[in-house]
Amino acid sequence: MIKWSDEKTKAFQKALLTWYDTNKRDLPWRKDHEPYHIWVSEIMLQQTQVNTVIPYYERFMRLFPSVNALANAPESQLLKAWEGLGYYSRVRNMQRAAQQLVQDYAGRWPHSKAELQELVGIGPYTAGAIASIAFQQPEPAVDGNAFRVFSQLLEIDADITKPQTRALFEKVIRQIIPIDRPGDFNQAIMDLGASYMTPKNSDNAHSPVRAFNQAYLDDRLNEFPVRSKRQKPVDKHYFALVIRTPAGFLFQQRASNALLAKLWMFPLIDIDSLQEANPDLDESGLLQMAGKQFFEDTELQIELQYLDVPAVSHTFTHQKWHLTLVSADLKSKPDLSHFSGKVVSEDEFEQLALPTVQKKLWAAFQTRQIKLF
DNA sequence: TAGGCGTGGCT
DNA sequence: TAGCCAAGCCT
């Protein structure tokens, strides 16, 4: 077990917190220690950069200023407020947790890390952050910054992508976190990880804790943290259907268990599975098959047409989408009884929560308008 | 435990 | 470009 002496620990705390007191970032969620403010910011900051979060946080607080407001908001409005931020289950889980707080806790926050972690969407990191920052509990908050900072300080070579590694880091940090300023300590580690001890272009020579950084002193910074490689995203091919009717465009609400759950998009048809089922079809045959699949229950014969617009590609964490825009113009409203969608006029687009890939599709479709006129 | 789940910045 | 990374959690 790695351990610093009490003297070294105290000296580290002092160096870190003295630096933090003078140099901490001025962030909107640092104006007070309201658990609601800390919570919302921590959820938004999961896998998301600070500069991206700031405007979303400001807007979210205007729209949903309290746990109660969040608990009672329409889901469509929540998703719209989250549009473009990604990982959309975060906001749906946050509303469920808000409802848990109202119903099970009478609107009063639990203070312990263990109780906080029982709320949906609050894991070990976020529970530690709220417990330490809002409630002054001496709990570690181990995020990517803490993994990087402490792996370098103590030359810890455990693979940080393995779940059991978290326990090791929490044990180390429990020995170092000051009992009187746990929240500031955790935030100081994050500010350190965002300034001197960054993943790339770090500046450890000027770091306030360089004297405690064993990997720096040994010139072994590039060896830490240890992290196994990620999988490559899998290629997926779809037709994106631009179905126009006199009343507007046909949009589909994505299934609640799908990628981009409950967001609105042009309907997609999976080309890869079409191709697998019909290996001999050429491009026009595939398109015909897609049309048959989509307009299955209609009596009309509706032909999809290729659009002369650039293909759209969009990369998620685990999938890379390749989208081919195709279209059909309908003289009347289609039969939507078997379909989770609706017809939306162009003026109504902005009310729907649209994922970034849909915005790319729309932009690509617009290039067609420019060519035509 | 490993894979699913978004997006944007940076190299 | 393609790959890596950013205040992770759920199943």
Side-chain angles (χ1 to χ4, degrees), chain A residues 24-25 27-30 37-57 79 82-94 96-97 116-134 140-149 159-167 169 183 185-195 197-202 222 225 227-236 254-263 265 313-321 353-360:
Chain A
K24 67 183 171 193
R25 287 174 289 178
L27 300 169
W29 47 88
R30 285 183 174 174
H37 297 163
I38 307 302
W39 178 40
V40 171
S41 69
E42 292 300 343
I43 299 295
M44 286 187 170
L45 286 161
Q46 289 170 5
Q47 302 289 285
T48 310
Q49 298 187 356
V50 168
N51 286 336
T52 303
V53 165
I54 290 173
Y56 281 91
Y57 176 84
L79 284 171
W82 210 265
E83 179 184 280
L85 204 48
Y87 287 145
Y88 297 95
S89 67
R90 288 185 291 178
V91 71
R92 292 185 284 120
N93 285 341
M94 205 160 50
R96 286 173 58 200
L116 288 165
Q117 220 172 313
E118 287 178 27
L119 297 166
V120 191
I122 297 185
Y125 162 72
T126 305
I130 298 173
S132 63
I133 299 169
V142 185
D143 67 337
N145 290 303
F147 275 128
R148 183 173 59 260
V149 167
D159 184 343
I160 63 167
T161 68
K162 304 283 186 201
Q164 71 259 28
T165 301
R166 172 179 304 279
F169 277 75
F185 178 88
N186 285 332
Q187 294 183 90
I189 295 296
M190 296 182 218
D191 280 18
L192 197 57
S195 54
M197 297 184 69
T198 50
K200 292 180 181 175
N201 303 322
S202 64
N222 58 347
R227 167 205 296 276
S228 53
K229 296 212 171 178
R230 331 189 161 189
Q231 300 273 317
K232 267 192 187 173
V234 176
D235 289 303
K236 303 258 191 186
R254 310 256 317 156
S256 54
N257 60 349
L259 182 61
L260 304 174
K262 301 200 175 182
L263 275 68
M265 282 193 70
S313 69
H314 187 79
T315 305
F316 301 93
T317 311
H318 292 284
Q319 294 181 12
K320 181 166 184 178
W321 283 8
L354 307 174
T356 296
V357 63
Q358 171 59 37
K359 297 192 175 191
K360 287 188 189 175

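What you see is a predicted model; the values in this text were computed from it and never measured. Convention: sequence-line order gives letters A, B, ...; per-chain numbering from 1.
- Summarising the local packing, CG of Asn51(A) is surrounded by 12 or fewer heavy atoms from other residues, nucleotides or ligands at distances under 6.0 Å.
- In this structure, Asn93(A) and Tyr87(A) have side chains that are not in contact, with every pair of non-hydrogen atoms separated by 4.5 Å or more.
- When the C1' atom is compared between dT1(B) and dA6(C), the two are found 23 Å apart, to the nearest whole Å.
- Protein atom NZ of Lys320(A) is 18 Å distant from nucleotide atom P of dG6(B), rounded to whole Å.
- The two residues Thr198(A) and Ser195(A) come nearest to each other via the heavy atoms CG2-O, 3.3 Å.
- Using a 4.5 Å cut-off on side-chain heavy atoms (C-beta onward), Trp82(A) and Ile43(A) make contact.
- Comparing the P positions of dG6(B) and dT11(C) gives a spacing of 14 Å, expressed to the nearest Å.
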**Fill in**
Pairs under 3.5 Å (Watson-Crick or G-U), crossing ones as [ ], inter-strand ones as |: DNA chain C comes out as .|||||.||||
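- Of the N and O atoms on the side chains of Gln46(A) and Tyr125(A), not one donor lies less than 3.5 Å from an acceptor on the other residue.
- Across the protein-nucleic acid pair, Lys262(A) atom NZ and dC5(B) atom C1' stand 16 Å apart, rounded to whole Å.
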Under 3.5 Å, which N/O atoms of the protein pair with N/O atoms of nucleotides 2-4 of chain B?
| unit_1 | atom_1 | unit_2 | atom_2 | d |
| --- | --- | --- | --- | --- |
| dG4(B) | OP2 | His318(A) | ND1 | 3.4 |
| dG4(B) | N7 | His318(A) | NE2 | 3.2 |

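- In this entry the distance linking CE of Met44(A) with C1' of dG6(B) reads 14 Å, nearest Å.
- One P atom belongs to dG4(B), the other to dA7(C), and the distance between them is 24 Å to the nearest Å.
- Whole-Å rounding puts the Phe316(A) CZ to dA2(C) C1' distance at 17 Å.
- In this structure, the side chain of Thr165(A) engages the main chain of Asp159(A) through a donor-acceptor pair within 3.5 Å.
- Nucleic acid contact for Trp29(A): base, since at least one base atom lies under 4.0 Å from a heavy atom of the residue.
- A search for side-chain contact (heavy atoms from CB on, under 4.5 Å) contacts involving Pro225(A) returns Arg148(A), Ser151(A), Gln152(A), Ile160(A), not counting sequence neighbours.
- The side chain of Thr356(A) approaches dT7(B) more closely than any other nucleotide in the set dA6(C), dA7(C), dT7(B).
- Using a 4.0 Å cut-off, some side-chain N or O of Arg148(A) falls inside it from OP1 or OP2 of dA7(C).
- Residue contacts shown for Gly84(A) are limited to sugar-phosphate atoms, with no base heavy atom under 4.0 Å away.
- Annotated as anti: dA6(C), whose glycosidic dihedral deviates from 0 by more than 90°.
- Residue Tyr56(A) has no polar side-chain atom (N or O) positioned under 4.0 Å from OP1 or OP2 of dT7(B).
- Residues passing the side-chain hydrogen bond (donor to acceptor under 3.5 Å, both in side chains) test with Arg90(A), sequence neighbours excluded: Thr48(A).
- Here the two rings, on His314(A) and Phe316(A), have centers that are under 6.0 Å apart.
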**Request:** Could you go through the side-chain contact (heavy atoms from CB on, under 4.5 Å) check for Leu259(A) and Gln319(A) one step at a time?
**Result:** CA-CA 10 Å; Leu259(A) 182 61; Gln319(A) 294 181 12; 3.7 Å; yes
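- Under the 3.5 Å distance criterion, the side-chain polar atoms of Gln358(A) are left unmatched by any main-chain donor or acceptor of Met265(A).
- Atom pair Ile54(A):CD1 and dT7(B):C1' shows a separation of 16 Å (rounding to whole Å applied).
- Counting atom types as modelled, Arg25(A) pairs a side-chain N or O with a base atom of dA7(C) as donor and acceptor under 3.5 Å.
- Using a distance-only test at 3.5 Å, with no hydrogens or angles considered, no donor-acceptor pair links the side chain of Asn186(A) to the main chain of Ile133(A).
- For His314(A), no side-chain nitrogen or oxygen approaches OP1 or OP2 of dG6(B) to under 4.0 Å.
- Between Ala194(A) and Pro233(A), the residue whose closest nucleotide on DNA chain C is further toward the 5' end is Pro233(A).
- Checking side-chain atoms of Lys320(A) against main-chain N and O of Ser313(A) turns up no donor-acceptor pair under 3.5 Å.
- The same atom, P, is picked in dG3(B) and in dC4(C); the two are 16 Å apart, to the nearest Å.
- The nearest whole Å value for the distance from the CG atom in Leu192(A) to the C1' atom in dA7(C) is 14 Å.
- Leu85(A) places its CG atom 13 Å from the C1' atom of dC5(B), with the value rounded to the nearest Å.
- Contact of the Met197(A) side chain with the Ser202(A) side chain is not registered, since no non-hydrogen atoms from C-beta on lie closer than 4.5 Å.
- Among the atoms of the strands shown, base atoms are found under 4.0 Å from some heavy atom of Leu27(A).
- Going from atom CZ of Arg227(A) over to atom C1' of dC4(C) covers 9 Å, rounded to whole Å.
- Using a 4.0 Å heavy-atom distance criterion, Arg96(A) is classed as making no nucleic acid contact.
- Side chain of Arg30(A) to main chain of Arg25(A): a donor-acceptor pair is present (N/O by atom type, distance under 3.5 Å, no hydrogens or angles).
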Please list each protein N or O that sits under 3.5 Å from an N or O in nucleotides 8-10 of chain C, with the distance.
| unit_1 | atom_1 | unit_2 | atom_2 | d |
| --- | --- | --- | --- | --- |
| dG8(C) | OP1 | Gly144(A) | N | 3.3 |
| dG8(C) | OP2 | Gln47(A) | N | 2.5 |
| dG8(C) | OP2 | Gln47(A) | NE2 | 3.1 |
| dG8(C) | O5' | Gln47(A) | N | 3.4 |
| dC9(C) | OP1 | Gly123(A) | N | 2.9 |
| dC9(C) | OP1 | Gly123(A) | O | 3.4 |
| dC9(C) | OP1 | Thr126(A) | N | 2.9 |
| dC9(C) | OP1 | Thr126(A) | OG1 | 2.8 |
| dC9(C) | OP2 | Tyr125(A) | N | 3.4 |
| dC10(C) | OP1 | Gly121(A) | N | 2.5 |

**Request:** Begin with the C-alpha distance, continue with both residues' side-chain angles, and end with the deciding distance and a verdict on side-chain contact (heavy atoms from CB on, under 4.5 Å) for Asp143(A) and Leu45(A).
**Result:** CA-CA 10 Å; Asp143(A) 67 337; Leu45(A) 286 161; over 6 Å; no
Each nucleotide N or O in nucleotides 9-11 of chain B that has a protein N or O under 3.5 Å away: list the pair and distance.
none

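- OP1 and OP2 of dA7(C) both lie 4.0 Å or more from every side-chain N or O belonging to Gln187(A).
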